[in-house]
Amino acid sequence: MKAGAGSVFKWIGYGLLGLVGLIVVGVGAVVLLFDWNDARGFVARRASAALNREVAIDGDLRVHLGNPIRIHLEGLRVANADWAQDRTMAEIRALDASLRPWPLLRGNWELPELKVEGPKLILEKNGKGEANWNFGPPNAEKAVAKQAVTPDKRGDIPVIERLLIADGRIRYRDPTGDIDIDNTINTATGDNDSDTVQLNGKGNFAGKPFTLAVEGGSLLYLRDDPKPYPLKIDAAVGKTKGRIEGSVAEPVKLEGVDLSVALSGNDLAEIFPILGIPTPKTRPYSISGHLSREGGLWAFHGMNGKVGESDLSGDLSVDTNGERPMVKADLTSNRLAAQDLAGLIGASPRGSGDYPTRGNGRVIPATPVNVEMLRNTDMDVRLRGKRVEAPFAPLQDLDMRVRLANGDLHFDPLSLGIGGGRIAGTVQVDGSRKVPAMRTNLDIRAMKLSTFFSETSLAGQIGGTVAGRIQLAGSGKTVADLLGSSDGKIGVAVDGGRVTSLAVKGLKTNILETLGVVISGSKPMPFNCLVGNMSVQNGVAQVEALVLDTPETLVTGKGRISLRNESLDLRIVGDSKSPQVFATHVPVLVGGTLGNPDIGVDPTESAARGAAAVALGVLLTPLAGVLPFLDPGSEEQPQCGRLVQDARSPDKGPAASGRTGAGKSGDGRGDGKASGSAR
């Protein structure tokens, strides 16, 4: 019974196999006699439905079955998005492919050869940021399908043993970034008879001329070779040039990146539209280093190069995992030119003609605060300058940390050695607000004028110890607007100074002699203290106290300095503490602008003689406010400290204050009697 049933099933099985054989033979005969051109419409319709975009085959379609299967296609076109400039997004003049049939049963694509002639692809975005490569409205099914077909590693790429591309073209347009790049793509055979893929492009990137040359290994090397994929890229945007050479272990995932990078250009500020990294305006630069990647973290190790006249080395990284890229860097300069720091305040290291101002002859930069740049990237950058060089002053080490978070920029700490002392404090520029805001708090401590001018023509002509403070807060869309709307205080004190006639020799008006300060030849004239204090309201600095206390003369001043239009309006008066035969005591007027000051005399009026004590008495109240602001009463400011301390003492009148000006014996100021002050 069982044997009979088995025989029945065996005969049924033989019959089914025979039927399948007859079907295969029948289908094969139909396929051999079939004209594939009749299937062009069917294939095009299926492709159009899949892409939600019109697909057409205008030329010949031939398929030769065998091992491998050979396919020839002519005139393939894919329509562009409705809003695009060109009607066609992609087209191929001719395609010849050979395909192994049996790997298809395993879901693998193996092409011994793929030859593409005249391929053309246009990728573009519109003003709204919509891309033409998004086919139809996005949905979950398409997202899943896209994820399924995206290769995860080199081995997932279809096997293409030999790729030949002739007269290829890829164009990319993005009006939001002012980008229009036209690339040619071809394959070639290298010196070692190995195939390479070459892409060459030109066009415009961020409004500047763009060129690109890429050379990589063959697609077979890309897929099957266990060694890292070789890559060489040369690109230029305007005068910015970059060269990348090395290999990528897993090019599909961009893992195992091992690339040497060299970057050069005319201005580091020009890399922001390219790389998105905020940088100040600079002189020509050339830097190189080693680029690696781990996940979303790109690291630039061993960076070394030159920016302007400054050397620069260190490490830099860009983390792209967050909402905004995060740039971290630890940079060192052994020789830092102060001129190369001008871009940090909106100026240019190339000089005043290379940055905007509010008008001719102005010096304060009217450079716009680039809020897009501030809001695009977060930063934490430390810069240390071991030796700082400047043509106008001896500077020492610089220590600066730049932190940027969501448009809020902080320089904290900001510390620079100057004249044996230091400028230190913080600066904030908040670009997260609708109108950017600025806040500064900077101190000057223990700066020696003799050291400051030691490398200039004034060496040995000026001395004293400087202390000062700048506290300003303002808002505006440019650097000039920030200062022109600012409120705050500016103060300075020079203690135990000295000056010679040579120091003022170059001035059109000998301001000291005009004020009654007598200087004989090159012999230094000591002075006790110079104190200046200004309150700033809406960009206008009003002089609250300006006093120069010398052994024989008390010099006082009043007026204003406008940060809004950069004008100067000061009147300075000198008054003797004792009778002086040759003293003129003519008031000095300081006008003009910050960039072109005009110093002259007021011939219509002479200073009231013998009013030194009265003048100082009038200044008691504003001077009393200087001390807590400047704190000149430290060990480094003893004489200014005594002057201001007397101003704070209610029991001391003008005569006592005059004795402060006369001082003690031994300093070239007479016997300390208040004869000049008591009149």
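In this chain, numbering begins with 1 at the start of the sequence shown.
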Novice: Working to the nearest 0.5 angstrom, can you tell me the gap between D598 CG and L589 CG?
Specialist: 9.0 Å
Novice: Taking Q542 for its side chain and G559 for its backbone only, find out whether a donor-acceptor pair lies under 3.5 Å.
Specialist: yes
Novice: Identify whether the distance between the nearest side-chain nitrogen and carboxylate oxygen of K208 and D178 falls below 4.0 Å.
Specialist: no
Novice: Any side-chain heavy atom of P356 sitting closer than 4.5 Å to one from T367?
Specialist: yes
Novice: Between atom CZ of R387 and atom OG of S310, what is the distance when rounded to the nearest 0.5 Å?
Specialist: 11.0 Å
Novice: Taking T465 for its side chain and A446 for its backbone only, find out whether a donor-acceptor pair lies under 3.5 Å.
Specialist: no
Novice: Answer yes or no: is there a side-chain heavy-atom contact under 4.5 Å between R469 and N441?
Specialist: yes
Novice: May I ask you to test the R362-L594 pair for a side-chain heavy-atom distance under 4.5 Å?
Specialist: no
Novice: Roughly how far, to the nearest 0.5 Å, is the NZ atom of K477 from the CG atom of L482?
Specialist: 12.0 Å
Novice: To the nearest 0.5 angstrom, please state how far the CG atom of D311 sits from the CG atom of L331.
Specialist: 11.0 Å
Novice: Any chance you could lay out the side chain to side chain contact (heavy atoms under 4.5 Å, CB included) test for R324 and N406, step after step, and finish with the verdict?
Specialist: CA-CA 8 Å; R324 292 176 303 276; N406 196 24; 3.5 Å; yes
Novice: Testing the basics here: between N376 and G276, what is the closest heavy-atom pair and its distance to 0.1 Å?
Specialist: ND2-O, 3.2 Å
Novice: Quick one: closest heavy-atom pair of R335 and E309, and the distance?
Specialist: NH1-O, 2.6 Å
Novice: Would you find a donor on one side and an acceptor on the other, under 3.5 Å apart, between the side chain of Q428 and the backbone of R439?
Specialist: no
Novice: Kindly indicate whether the side chain of V402, heavy atoms from C-beta on, has any atom under 4.5 Å from the side chain of L383.
Specialist: no
Novice: Are D340 and R283 within salt-bridge range, i.e. N to O under 4.0 Å?
Specialist: yes
Novice: Would you find a donor on one side and an acceptor on the other, under 3.5 Å apart, between the side chain of T240 and the backbone of G265?
Specialist: no
Novice: Does this structure show an ion pair linking K281 with D267, if we count only N-O contacts that are shorter than 4.0 Å?
Specialist: yes
Novice: So do the side chains of P284 and R350 get within less than 4.5 Å of each other, counting heavy atoms only?
Specialist: yes
Novice: What verdict does the side chain to side chain contact (heavy atoms under 4.5 Å, CB included) test give for V369 and D481, after you've listed the backbone C-alpha separation in whole Å, the side-chain angles of each residue and the deciding distance to 0.1 Å?
Specialist: CA-CA 10 Å; V369 179; D481 292 339; over 6 Å; no
Novice: Is the side chain of T593 donor-acceptor paired with the backbone N or O of S567 at a distance under 3.5 Å, no angle test?
Specialist: no
Novice: Using modelled atom types only, decide if a donor and an acceptor are shared between the side chain of N533 and the backbone of A545 within a distance under 3.5 Å.
Specialist: no
Novice: For residues 412-421, which side-chain donor-acceptor pairs fall under 3.5 Å, sequence neighbours excluded?
Specialist:
| residue | atom | partner | partner atom | Å |
| --- | --- | --- | --- | --- |
| S415 | OG | R422 | NE | 2.5 |
| S415 | OG | R422 | NH2 | 3.3 |

Novice: If you measure from OG on S475 to CG on D487, what distance do you get to the nearest 0.5 Å?
Specialist: 9.0 Å
Novice: Spell out, as yes or no, whether a donor-acceptor pair under 3.5 Å connects the side chain of E566 to the backbone of G595.
Specialist: no
Novice: Dump the intermediate steps for side chain to side chain contact (heavy atoms under 4.5 Å, CB included) on R384 and L336, then the final yes or no.
Specialist: CA-CA 9 Å; R384 298 176 179 88; L336 178 62; over 6 Å; no
Novice: For G359 and T357, work out which heavy atoms get closest and say how close.
Specialist: O-OG1, 2.8 Å
Novice: Would you mind reporting whether F527 and V494 have side-chain heavy atoms less than 4.5 Å apart?
Specialist: yes
Novice: Hey, are D408 and R403 close enough for a salt bridge, meaning a charged N less than 4.0 Å from a carboxylate O?
Specialist: no
Novice: Is any side-chain heavy atom of T279 closer than 4.5 Å to one of E270?
Specialist: no
Novice: Please name the pair of heavy atoms, one in D378 and one in A405, separated by the smallest distance, quoted to 0.1 Å.
Specialist: OD1-CA, 3.5 Å
Novice: Check for a donor-acceptor pair, side chain of T377 on one end and backbone N or O of P325 on the other, with a separation under 3.5 Å.
Specialist: no
Novice: Looking at every non-hydrogen atom in both residues, tell me the closest pair between V307 and L312 and how far apart they are.
Specialist: CG2-CD2, 4.1 Å
Novice: With the side chain counted from C-beta on, respond yes when R564 and N538 share a heavy-atom pair under 4.5 Å apart, and no when they do not.
Specialist: yes
Novice: Between Y355 and I364 (side chain of the first, backbone of the second, donor and acceptor by atom type, cut-off under 3.5 Å), is there such a pair?
Specialist: no
Novice: Measure the OG1-CG distance between T556 and D549 for me, rounded to the nearest 0.5 Å.
Specialist: 11.5 Å
Novice: On a heavy-atom basis, which atom in I345 and which in V479 lie closest, and how many Å separate them?
Specialist: O-CG1, 3.7 Å
Novice: Give a yes or no on whether the backbone of A366 and the side-chain of R358 come within a donor-acceptor separation of less than 3.5 Å.
Specialist: no
